[in-house]
Amino acid sequence: MESLYFLIPIAVVFVALAIKVFFWAVNNGQYDDLETEGRRILFEDDLQESSSENGEKER
Amino acid sequence: MTSSCYHCGLPVPAGSNHSVVIEGAPRSMCCPGCEAVASAIVSGGLDGFYRFREKQSDRPEQNQPQERWKAYDLPEVQQQFVHDWDDGRQMAALLIGGITCAACVWLIEKHLGQLAGIEKVSVNASTQRAQIVFNPDQIQPSALFEALERIGYRPAPATAANRESVIQSEHRAALRRLGVAGLGTMQVMMFAIALYFGAGSGDVGEFERYFRWVSLLVATPVVFYAARPFFSAALRSLRARHLSMDVPVSLAIGLAYGASFYATVFGTGEVYFESISMFTFFLLLGRTVEMRARHRAGLASGGLAQLLPMTAARYDGNELVHVPVAALAAGDRILLRPGDTIPADGEVLEGESGVDESLLSGESALQQKTLGSQVYAGSVNGDSSLTVRVTAAGKSTRLSAIERLVERAQLDKPAQVALADRVAGIFVGVVLIAAVSAFAVWWQLDPSRAFWVALSVLVVTCPCALSLATPAALASATLRLQELGLLVAGGSLLETLPRISRVVFDKTGTLTRGEPRILRIESLRDGWSEQRVKDVAAALESQTHHPLARAFRAWRGNLSASQLKVHTGRGLEGQVEGNGYRLGRADFANTQFVEAPQGEGQWLLLADDRGAIAWIALGDKLRDSAEEAVGQLGRMGLSVELLSGDQSAEVKRLAAQAGIDRFQAGASPEDKLSHMKQLQEAGEKVLMVGDGLNDVPVLSGADASVAMMSAADLAQSRADAILLNGDLRVLAQSVALARKCRRVVRQNLAWALGYNVIALPLAVCGLVPPWAAAIGMSLSSLVVVINALRLSRAKPAGVVSEREMAQQPGLAH
């Protein structure tokens with residue numbers, strides 16, 4: 001049972017870290033557009049096969 | 001056979017032969033506009049767009065002069081939407097109309113990315129904003145606008161950037177609060193389960209004490225950061241001497257936290273950290289959903305400033321210079337080209353033209369302007385150039401007068417006090433009195449228990465269920481309405497809709513499609529098929545900006561015309577395949593008198609030097625859903641009325657066609673508002689459905705208002721809801737859903753009050769142990785939330801299923 005004295009503060013620290021990461025994500029606009037970003041991976045795929053030239057310009 | 005346009009999904013009219021090869025097969029297009037846009041997309045190697053998209057694209061508006069974007073290259077104008085980036089690069093913030101799904105974002109980013117000088121493009125589909133970083137030495141902002149228009153979007157400078165950033169920071173703050181409350185709740189719950197096992201044992205053991213301290217540590221940011229909006233709202237409402245739902249919410253959170261804090265520090269009594277956190281989380285969740293819906297509705301609109309052009313062509317001596325509209329003053333001489341939006345009120349000095357004032361007055365026909373006529377800011381110059389002396393600019397224009405009318409109407413708008421807030425006022429009073437008297441009585445009996453009994457009264461009657469009752473139902477119904485096609489912007493709409501007794505429609509663009517169409521063709525000469533009449537007429541109309549010319553859009557390009565000449569207010573003449581033709585009013589097209597056929601619509605005559613060839617009837621068509629919608633509303637016991645700014649006999653015809661008995665034509669914005677006031681004074685609750693700028697005051701003054709998706713920005717921003725798909729039947733469904741929502745809210749309130757009525761006396765008697773208080777509170781909240789969720793699956797009577805919608809082209813987009 002004594003191990004709880006160490007484990008629980010560690011859990012709390014993890015939660016604090018999670019909140020910090022979440023704040024960072026929100027402040028960076030990661031949640032501003034919930035519609036597009038999830039689908040972007042599909043578009044990039046197509047880009048490779050059809051016109052790789054555009055892809056390079058993107059960089 | 002009619003098929004639908006591959007680009008925009010509208011039906012392709014017979015005889016229109018526009019098509020583009022996409023992904024190896026020819027696809028038919030409804031008009032040259034869609035054809036041009038689709039070819040631009042395909043030639044850029046971006047035809048993958050058609051595979052990715054989930055919705056049909058918007059139909060592009062052609063017929064716009066190309067040079068109009070040049071104004072955005074002026075430094076004074078750029079100041080408003082272009083910012084300096086690093087290394088001499090610049091960033092333009094644009095508002096892009098016509099984005100329907102994620103594929104549009106891909107298309108815009110790739111298409112712009114191909115242009116030289118563009119460094120980075122990022123588009124946000126939810127807010128319809130784009131940020132474009134470019135090198136000003138290689139590319140000018142006008143080229144950005146042009147490129148966007150070529151692939152079928154409607155770009156505008158995002159000048160309301162301040163408001164945008166306010167919305168963004170509000171949204172981010174809400175998400176951060178939600179995150180803190182959510183993670184905190186999960187963590188505190190974990191500790192709370194451990195604490196439940198030790199609860200009721202009376203003594204506070206070492207581990208329990210430890211868990212309490214940790215819970216306190218985790219719950220503190222939830223109370224002081226996540227729940228802060230409730231405290232500030234409660235403070236505001238107290239200052240206004242009014243008990244809103246935020247007051248009991250804040251009291252419950254604050255007192256429960258204070259008592260738990262005390263219990264933790266002194267090792268006595270009970271702690272309620274998990275209840276506080278969970279309660280905060282649920283409430284924040286409901287409010288965030290509501291806020292997102294509100295923001296979405298408000299984002300597309302920018303107010304009056306967006307309606308006016310950014311520059312005007314002013315004569316300085318004899319030289320024409322482009323100046324920002326803000327620099328115009330009374331006495332300036334300005335040049336208006338065809339298609340220009342008029343930037344200020346003025347008097348015509350030179351020229352003759354038809355001006356489209358439909359946005360201001362609702363009158364759909366072009367107004368003839370000759371020497372000495374008045375023109376108004378916000379209207380659109382039609383067919384030829386005008387020189388105008390400015391008589392009023394900026395705040396003194398008629399457009400601003402309408403805006404002031406709007407503000408006054410909003411002040412007069414009947415105040416909606418939410419049912420829950422009315423209940424809350426009484427409820428808070430009762431609970432406070434009960435808690436204080438319980439404390440007083442127990443102080444006499446057993447001073448050591450007095451504080452804890454008073455607290456358990458507050459906790460067990462914690463207005464969780466009560467304060468969740470309405471928001472949960474509203475959020476659920478709001479989401480359901482959005483699925484049906486009605487975007488709710490004002491929170492009070494769902495509370496007002498069930499009480500509506502009368503629905504008032506505007507005509508142009510609301511009950512009708514707002515687009516002239518060819519209704520009938522009567523050929524007067526042998527050998528002239530309908531098809532040929534349309535082709536010749538379309539060729540003649542190809543160069544004009546007259547609204548009626550849009551009716552011929554589909555046949556444009558089949559034949560070409562030369563030596564076109566516009567006779568303002570009378571018609572057009574030109575050469576097609578070497579023959580001279582005239583199209584327009586009968587007395588203009590043909591010298592001999594020919595009687596116009598009987599029948600609805602506006603009749604134009606096509607003639608050549610040998611005489612009359614054919615009659616063409618043009619008219620606006622009722623929306624497919626209008627007749628059915630009017631019938632449905634009538635069956636629900638609502639009276640329906642048509643209130644139009646249009647003078648023409650069309651109003652009567654369309655009212656009859658839609659099945660509306662009461663109608664009024666030629667109403668000015670002021671007339672509409674006073675008519676609305678009369679109805680309201682007679683005790684009616686009015687729902688106004690409109691789309692023009694002339695409807696804005698009345699939209700603001702009505703008990704509830706709905707604007708069409710195609711409406712003027714200002715109209716959208718002042719309406720309580722926006723009808724996304726143009727299907728008027730959604731109105732009846734919404735009223736039905738709102739009535740159901742009201743029933744659910746009442747059930748929820750009844751449940752919450754009933755629970756409290758039973759729990760309160762038990763708590764006052766000191767019979768409620770803390771674990772029972774926590775379970776009771778959670779259960780009562782859960783029941784309320786589940787009851788509210790029923791609304792999100794509700795299928796109100798008369799609802800057409802999505803599949804049926806898809807089978808009827810023109811209704812589904």
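In what follows, every chain begins at residue 1, and chains take the letters A, B, ... in the order their sequences are listed. Worth saying up front: this structure is predicted, and the values here are computed from it rather than measured.
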_Sidechain-backbone polar pair: B/Arg176 side chain, A/Phe23 backbone, donor-acceptor under 3.5 Å_ = no

Honestly, the part of A/Ala11 sitting under 4.5 Å from a heavy atom of chain B is both

Output for pair (A/Ile8 CD1, B/Trp213 CH2), nearest 0.5 Å, gives 15.5 Å

If one checks every heavy atom of A/Tyr31 against chain B at 4.5 Å, the contacting part turns out to be both

So do the side chains of A/Val12 and B/Phe191 get within less than 4.5 Å of each other, counting heavy atoms only? yes

Exercise. Describe, in one word, how the ring planes of A/Tyr5 and B/Tyr210 are oriented to each other, choosing from parallel (under 30°), tilted (30 to 60°) and perpendicular (over 60°).
Key: tilted

Okay, B/Val214 and chain A: the region with an atom under 4.5 Å from a heavy atom over there is side chain

Of all heavy-atom pairs linking B/Gln187 and A/Val15, the shortest is OE1-CG2, 3.0 Å

